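Before any comments, here is the structure.
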There are 2 protein chains.
Amino acid sequence: MVEARNNDTRERILDAAERLFMAHGYEGTSMRQITGEAGVNLAAVNYHFGSKETLIQEVFRRRLDWLNEERLRVLDELEREAAGQPLKPSQIVDAFFGTMLRMAEDESRGGMTFLRLLGRTLAEPSEFIRGFLAHEYKTVVDRYKEALFKALPDVPKAEIVWRFHFMLGATSYAIAGTDALRLVTDWQIEPEDSVDRLDRLLPRLMSFLIGGLRAQLPQFPDAAVDR
Amino acid sequence: MVEARNNDTRERILDAAERLFMAHGYEGTSMRQITGEAGVNLAAVNYHFGSKETLIQEVFRRRLDWLNEERLRVLDELEREAAGQPLKPSQIVDAFFGTMLRMAEDESRGGMTFLRLLGRTLAEPSEFIRGFLAHEYKTVVDRYKEALFKALPDVPKAEIVWRFHFMLGATSYAIAGTDALRLVTDWQIEPEDSVDRLDRLLPRLMSFLIGGLRAQLPQFPDAAVDR
DNA sequence: CTATGATTCAAACGAACGTATGAATCATAG
DNA sequence: CTATGATTCATACGTTCGTTTGAATCATAG
């Protein structure tokens, strides 16, 4: 039997698709752009991946498999060291969001390009990719929710889930780097302070996330005494 | 001379476009879907708006003009009442983000549909719409940045800009309501706790944002003494 | 009523889309 | 070497895209 000898074409397609989906979105990127940038024949995508839908799923799986395993590994390690004691919220936040952001420095795992694609896609999921991402993340998210519940026993669980949601939003937007309102881009900021400098973005974002996670609990309007 | 008699068609197109762009994104929505849902002829969009690009700009302008005027009005009012004293950060955050979120209850200003569209678009701006949004927001954002600088004199300005950025991300994601990882949607949450219940989302988000804005300042790794 | 200009309409335009086809080319097993 | 099956290639398929056209219809001014 004759087996596959060359996954160079596959990798070139995945790299080009990753970059173009990041820059122009899923619907905004055509197969001809992808194969053109990858330097392969138009038919190669359908031959190797079947369809455009399975292609973008492969683009994500290639990176997310590692990320989610790493997130579980880091959380396991933290819980092992804590020996039953609840973790600090900042440890959990760093294990989830920090692990993701540090991918930006690892070019072999997609670097900033994949991170931006991920941030974009979390905010604009096509119907079919929403289900795919939710499935990919299910195990990890459940583990981290439980860890946060234990770390913050005084905070209602529903509140923690919402704040996890908000943290995810702040992070997605930060790494997507679109900066629609030119808040940061238009600002007199040193070049070394730009989004690309992860070692400055990461501490800033972490401070913000932990501040939000540990904020005072909200007062709901229907909590008034006369009701 | 004969003048325009009927802007019913225009409004029907804008309403349909607003809803469809929200649901499927800009590239993912076709002119035929829009005119089909609006119950008008296919050529009506180009006749009334010129192109798909100018159409989505009109969709935004119709709502954003009011929102941004209102944001300036509220800030003016707050500063008038404060009579020179710096405002509380929570007042500024509520004036900017609260004013936006309260649009969800005003169906005549687009309600939740427009809010979701806005949240989505802030995170996935096509190149041409990024510039448009930045221009629409310029005046407002500058005023609010200044107000935050005054309200938080001890926080470095660059830090405030970044945190504004993070707050915008958390809010965009929250109102876009995509919930890609099914964090909130998959959770055992009372129906009355869902995203649609603004009176519960708003206090929750405000607490989170203010917690993040007032968080401890970050420690940068290169702040070590031996450097 | 008639004339005028705004609006609607059915139909078509060329371009770009994702996908499929079948022959040509390639690397390796036997 | 030859045979085999994986891969590449040029080309074309059928759809759908945003936009345009020119005639038909409409409401109003004169």
Side-chain angles (χ1 to χ4, degrees), chain A residues 1-60 62 117 121 124-129 132, chain B residues 1-60 62 117 121 124-129 132:
Chain A
M1 110 153 228
V2 179
E3 56 217 35
R5 288 144 278 169
N6 162 343
N7 44 7
D8 193 52
T9 301
R10 279 182 61 97
E11 294 294 320
R12 294 171 63 85
I13 291 173
L14 288 172
D15 289 345
E18 184 172 77
R19 204 193 68 73
L20 287 166
F21 286 148
M22 177 274 285
H24 308 117
Y26 176 73
E27 316 258 19
T29 303
S30 73
M31 304 287 254
R32 285 165 179 82
Q33 284 177 274
I34 294 170
T35 53
E37 174 148 331
V40 304
N41 187 272
L42 170 61
V45 173
N46 289 285
Y47 176 76
H48 284 282
F49 300 96
S51 71
K52 195 183 177 186
E53 287 206 4
T54 33
L55 169 62
I56 194 174
Q57 291 189 15
E58 259 313 295
V59 168
F60 277 106
R62 179 171 69 145
L117 170 62
T121 310
E124 53 148 338
S126 311
E127 199 53 37
F128 82 91
I129 217 168
F132 168 74
Chain B
M1 106 155 233
V2 179
E3 58 217 33
R5 288 145 277 169
N6 163 343
N7 45 7
D8 193 53
T9 300
R10 279 182 61 97
E11 294 294 321
R12 294 170 63 85
I13 290 172
L14 288 172
D15 289 344
E18 184 171 77
R19 205 193 66 74
L20 287 165
F21 286 149
M22 178 274 284
H24 309 116
Y26 175 74
E27 316 257 19
T29 303
S30 73
M31 303 287 254
R32 285 165 180 83
Q33 284 176 274
I34 295 170
T35 53
E37 175 149 329
V40 304
N41 187 271
L42 170 62
V45 172
N46 289 284
Y47 175 75
H48 284 281
F49 299 95
S51 71
K52 195 183 177 186
E53 286 205 4
T54 34
L55 169 62
I56 195 174
Q57 291 189 15
E58 259 313 296
V59 168
F60 278 106
R62 178 170 70 145
L117 171 62
T121 310
E124 54 149 337
S126 310
E127 199 52 39
F128 81 92
I129 217 169
F132 168 73

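Computation of the quantities below employed the complete heavy-atom set of this structure, encompassing side-chain atoms and omitting hydrogens, waters and symmetry-equivalent molecules. Chain A is the first sequence line, chain B the second, and so forth, proteins listed ahead of strands; every chain is numbered from 1. Keep in mind that what you see is a predicted model, and the values were worked out from it rather than measured.
- For D:dT11, the paired base is C:dA20 (Watson-Crick or G-U wobble, both distances below 3.5 Å).
- In this structure, B:F60 and B:I129 approach most closely via the heavy-atom pair CE1-CD1, 3.6 Å.
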Report task. Assign a letter to each nucleotide of nucleotides 16-22 of chain C from its 5' end: B, base within under 4.0 Å of a protein heavy atom; S, sugar-phosphate only; -, no contact. Result -> -BBBBB-
Report task. In sequence, state the C-alpha distance, the side-chain angles, and the governing distance for A:I13 and A:I34, and then conclude on side chain to side chain contact (heavy atoms under 4.5 Å, CB included). Result -> CA-CA 7 Å; A:I13 291 173; A:I34 294 170; 4.2 Å; yes
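- Note on A:T9: every side-chain N or O is 4.0 Å or more away from OP1 and OP2 of D:dT7.
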Query raised in the report: Does the side chain to side chain contact (heavy atoms under 4.5 Å, CB included) test come out yes or no for B:D15 and B:R62, once each step is laid out?
Result: CA-CA 10 Å; B:D15 289 344; B:R62 178 170 70 145; 3.0 Å; yes
Report task. Check the pair A:E58 / A:R10 against side chain to side chain contact (heavy atoms under 4.5 Å, CB included), numbers first and verdict last. Result -> CA-CA 10 Å; A:E58 259 313 295; A:R10 279 182 61 97; 3.9 Å; yes
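- The base-pairing partner of C:dT28, taking Watson-Crick or G-U wobble contacts with both distances under 3.5 Å, is D:dA3.
- For the pair A:I13 CD1 and D:dC9 P, the interatomic distance rounds to 11 Å; values are reported in whole Å.
- For B:F128 and B:Y26, the ring centers sit closer than 6.0 Å to each other.
- Regarding contacts with the backbone of D:dT8, a side-chain N or O of A:H48 is found under 4.0 angstrom from either OP1 or OP2.
- Nearest heavy atom pair, residue B:M31 against residue B:V45, reads CE-CG1, 3.5 Å.
- One can place OH of B:Y47 at 17 Å from P of D:dA23, the figure rounded to the nearest angstrom.
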